[in-house]
Amino acid sequence: MAATIKDVARAAGVSPATVSRVLSNQKVRAAVKQLGYRRNTSAVELVTQRSKVIAVLVSSTQTNFSDQILKGIQEQARVHNLSVMIIFAGEGDAEVQAKAIRTVIERSVMGILLVAIDLDPSNDELLENANIPFIFISMTLKNSAFPFISSNDFDIGYQATKYLIGKGHQKIGLAATDLDSFVGHLRYEGYRDAMRDNHLSFDEDWICGGHFTYEDGVNAMEHYGPQTELTAVIASSDLAGIGILNQATNYGMKVPDRLAILTIDGTQLCDIVRPKLSSVTQSFFEMGANGMDMLVSDSFKEFYSMYTPIRIVERQSV
């Protein structure tokens, strides 16, 4: 005689109703698999009027500092039971930025974190009118109405220069820095003021433009040349610093005996080259974590801006 639900329930030590629910769930799961059903998260969020997705717009700059920022964002997203959607927003292209912003605001997102995005002024209104909370990360802004979390870029330039002067250097270059950007200009001003405060003159030829890439570092060192009068160079990023280091090595210039190199960022790249690169180290993980926490906090509306700490980390290149 075939077993009944009551027999199964008795053998399992549960009620017949429990057995019935289990069997029903198995049928439902089989139907879901057969039909390819997916839960409509957007529909749920429309009903609850509460998104659980944070959009992260990331600059396409060819540097590696954003890794730690994204790690900070993702770790705190888990704490708040939120998901993260990452979209690349180009590098200094207003049209690409606008497309990335529209991609985000046309979806259901709780907030937007913009990582190292130097927003073109033509896109300010697009971002503001979306009525979605947003914070810029690792970007000091001219537009004081926009909230940001970043290092103090003037202080980066000043402290880097002051540190090298303290080590006995007087002819110091500033390499691979985008002087057309607000961040790059602030770092230049810090460099300039530190030189002047220590009664040191400098040649504008010691300032090399660029966009923080490895190639920009190589190009800067090629600009300086093997016979340069410089005894130290501040690199705009770790990648640029490696470019300077490698090209200096190609010239037969010993680092740090002939040329000292101090990079800005202080990521793990500083430890995997030889000599290890001394750095002005930024608090990237904290930027991402603080940005996520602030974006979802009740006090967000009162938030304006925040500077995270920097520190000089001595290794082998100075």
Side-chain angles (χ1 to χ4, degrees), residues 61 63 118 140 142 150-266 270 275 277-282 307 310-318:
T61 301
T63 59
D118 191 1
T140 307
K142 278 186 179 179
S150 178
S151 302
N152 184 322
D153 286 290
F154 175 89
D155 202 36
I156 285 177
Y158 193 95
Q159 295 301 327
T161 309
K162 180 181 176 182
Y163 169 76
L164 290 172
I165 293 171
K167 292 292 184 178
H169 297 280
Q170 297 186 1
K171 296 181 178 180
I172 302 168
L174 182 64
T177 296
D178 184 4
L179 297 177
D180 292 329
S181 71
F182 188 52
V183 167
H185 189 69
L186 285 174
R187 292 179 180 180
Y188 166 76
E189 288 183 338
Y191 162 86
R192 178 201 63 198
D193 285 7
M195 293 291 280
R196 290 178 177 175
D197 288 350
N198 287 274
H199 311 291
L200 296 174
S201 60
F202 63 93
D203 193 319
E204 289 294 335
D205 197 48
W206 298 355
I207 316 299
C208 270
H211 294 85
F212 315 104
T213 69
Y214 173 85
E215 290 74 18
D216 290 328
V218 172
N219 292 339
M221 195 63 232
E222 289 178 344
H223 168 77
Y224 296 140
Q227 304 303 320
T228 181
E229 61 183 330
L230 298 177
T231 64
V233 176
I234 301 167
S236 63
S237 71
D238 298 338
L239 274 175
I242 295 173
I244 293 169
L245 172 64
N246 287 349
Q247 188 57 38
T249 301
N250 290 341
Y251 286 148
M253 303 170 68
K254 290 186 177 182
V255 175
D257 298 345
R258 170 60 182 85
L259 183 73
I261 300 173
L262 180 67
T263 73
I264 296 171
D265 284 347
C270 294
L277 295 171
S278 299
S279 65
V280 181
T281 296
Q282 302 191 64
Y307 288 122
I310 61 171
R311 68 187 192 279
I312 303 290
V313 177
E314 293 187 331
R315 296 185 180 88
Q316 300 168 342
S317 63
V318 177

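FYI, the numbering just counts along the sequence from 1.
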- Note on the structure: Residue set satisfying side-chain hydrogen bond (donor to acceptor under 3.5 Å, both in side chains) with Gln227, at least two apart, ordered chain then number -> none
- Message: If I compare all heavy atoms of Ala232 with all of Leu259, which pair ends up nearest, and what's the gap?
- Response: N-CD1, 3.8 Å
- The residue among Asp238, Asn219, Asn246 that forms side-chain hydrogen bond (donor to acceptor under 3.5 Å, both in side chains) with Tyr214 is Asn246
- Task: List the atom of Gly184, the atom of Leu179, and the distance in Å for their closest heavy-atom pair.
- Result: O-CD2, 4.0 Å
- Task: Answer whether the closest heavy-atom distance between the side chains of Leu239 and Thr213 falls below 4.5 Å.
- Result: no
- Query: Can you name the side-chain hydrogen bond (donor to acceptor under 3.5 Å, both in side chains) partners of Asp197, sequence neighbours left out?
  - Reply: Tyr158
- Message: Counting only heavy atoms not in Arg258 (residues, nucleotides, ligands), do more than 12 fall under 6.0 Å from its CZ?
- Response: yes
- Query: Mind checking whether Ile172 and Phe202 have side chains closer than 4.5 Å, heavy atoms only?
  - Reply: no
- Item | Residue pairs passing the side chain to side chain donor-acceptor pair (under 3.5 Å) test where at least one lies in residues 183-195, sequence neighbours excluded | Asp153-Arg187, His185-Glu189, Tyr188-Glu204
- Note, Thr228 side chain near Trp206 side chain (heavy atom, < 4.5 Å): no
- Message: Nearest 0.5 Å, please: how far is OH in Tyr307 from OG in Ser150?
- Response: 7.0 Å
- State, yes or no, whether a side-chain contact exists between Leu262 and Val233 at a heavy-atom distance under 4.5 Å. no
- Item | Non-neighbouring partners of Ala240 that pass side-chain contact (heavy atoms from CB on, under 4.5 Å), sequence neighbours left out | Ala176, Ala235, Ser236, Ser237
- Message: Show me the pairs that pass side chain to side chain donor-acceptor pair (under 3.5 Å) and involve residues 161-183, at least two apart or across chains.
- Response: Tyr163-Glu314, Lys167-Glu314, His169-Thr231, Lys171-Glu229
- Message: Using modelled atom types and a 3.5 Å cut-off, is there a donor and acceptor pairing between side-chain atoms of Ser278 and backbone atoms of Arg315?
- Response: yes
- Task: Kindly say whether Asp205 contributes a backbone atom to a donor-acceptor pair with the side chain of His223 at under 3.5 angstrom?
- Result: yes
- Item | Qualifying residue for side-chain contact (heavy atoms from CB on, under 4.5 Å) with Leu277, from Val313, Asp265, Ile244, Ile242 | Ile242
- Query: So do the side chains of Ile165 and Met195 get within less than 4.5 Å of each other, counting heavy atoms only?
  - Reply: yes
- What distance separates Asp155 CG from Thr140 OG1, expressed to the nearest 0.5 Å? 11.0 Å
- Item | Thr281: side-chain hydrogen bond (donor to acceptor under 3.5 Å, both in side chains) partners, not counting sequence neighbours | Ser279
- Rounded to the nearest 0.5 Å, what's the gap from CZ on Arg311 to CD on Gln159? Could you check? 14.0 Å
- Can you tell me how far CD1 of Ile261 sits from CD of Gln316, rounded to the nearest 0.5 angstrom? 12.0 Å
- If you round to the nearest 0.5 Å, how far is OG1 of Thr263 from CD1 of Ile234? 10.5 Å
